[in-house]
Amino acid sequence: MRKIILLWCLLVPFLATAQQRDTVFYRSTAIPAHLQPIERAAGSSALGSVYYYGGKRLSSPNSLEIPFYELSHPAVNRHYRNYRLATTVSRLTAIAPFIYFLTQRSGVRFNSREYWTIYIGSVAASLGVSIYGNSQVNKAVKQYNSVLREARLGVSVQSLPGNATPVMGVGVRGKF
C-alpha cells in the first residue's frame, strides 16, 4: 500500500505540470517508428536550405511535406503551412511587374519610373517573404527533430472489456 501511495505522490505533480506544458503527451496515436530525423546541410542560408532525409538529399523543402504530416504535430504543421503560404505569396508578388505591363493601355506613354519602382519593390517583397518562409520551414524541421528525440511519458485510463472496471497504465517511450 505504501508503494502505491509513494508512486501517486511522485506521479501526480509531474502529470499536473506536464498537462500545462504540452498536450503532445496525450497523443491519440504513437509517433510512427519509420520516421527519421531531417538534417540541414552546413552551407544552407536564409535564402534557401538543403535538407537530407534518410541520407538522401531532398530537391526542395516541399519534399518535407510527407514526414511532417505523418508526424501530425500541430506546431510542425503550422510552421509548414506558413512556409507554403509564404511561398505562394512570394510567387504572386513576383508577377506584379508583368501585371503592370499588361494593364498599360496601348495609346498611353509608358512610364518607366513607375515600372522600375514596381519591379524593384516586387523583388524586395518577394525576397523578404521568401526569407520568412524559409525561416518557417527551418522552425518546422527543428520542432520535428525535437519531437522525434524526446522521450515520452504517458498515462492512460481505460476500462477492461470484461467487467468495465477502469485501469490506469503508465508508459515511457525513449531512445537509448
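Computed from heavy atoms alone, side chains included, the values below leave out hydrogens, waters and symmetry copies. Count residues from 1 along the sequence. Because the structure is predicted, anything quoted here is derived from the model rather than measured.
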field: Evaluation steps, side-chain contact (heavy atoms from CB on, under 4.5 Å), between V50 and R40
entry: CA-CA 6 Å; V50 176; R40 185 173 176 223; over 6 Å; no
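Note: S146 OG to H73 NE2 = 7.0 Å, rounded to the nearest 0.5 Å. Atom OH in Y80 sits 12.5 Å away from atom CG in L85 (nearest 0.5 Å). Going from atom CD1 of I38 over to atom OG of S49 covers 11.5 Å, rounded to the nearest 0.5 Å. Atom CG of N138 sits about 9.5 Å away from atom CD of Q136, to the nearest 0.5 Å. Atom OH of Y115 and atom CD of Q104 lie 11.0 Å apart (nearest 0.5 Å). Atoms CG and CD, from L148 and Q143 in turn, are 10.5 Å apart once rounded to the nearest 0.5 Å.
By the neighbour-count criterion of 12 heavy atoms within 6.0 Å, atom OH of Y69 is densely surrounded, having more than that number from other residues, nucleotides or ligands.
No hydrogens or angles considered: nothing links the side chains of Q36 and Y53 as a donor-acceptor pair under 3.5 Å.
By the criterion of side-chain heavy atoms lying less than 4.5 angstrom apart, applied directly or through intervening Ile, Leu, Val, Met, Phe, Trp or Tyr residues, V129 is not grouped with I131; the two fall into different hydrophobic clusters.
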Can you list, pair by pair, the side-chain donor-acceptor contacts under 3.5 Å of residues 54-68, counting residues two or more places apart and other chains?
unit_1, atom_1, unit_2, atom_2, d
S60, OG, N62, N, 3.2
N62, OD1, Y83, OH, 3.2
S63, OG, S60, O, 3.3
E65, OE1, R84, NH1, 3.3

Can you list, pair by pair, the side-chain donor-acceptor contacts under 3.5 Å of residues 116-128, counting residues two or more places apart and other chains?
unit_1, atom_1, unit_2, atom_2, d
T117, OG1, R113, O, 2.7
S122, OG, I118, O, 3.3
S122, OG, Y119, O, 2.9
S126, OG, S90, O, 3.2
S126, OG, S90, OG, 2.8

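Under the 4.5 Å side-chain criterion, counting only non-hydrogen atoms from C-beta, E39 is not in contact with Y51.
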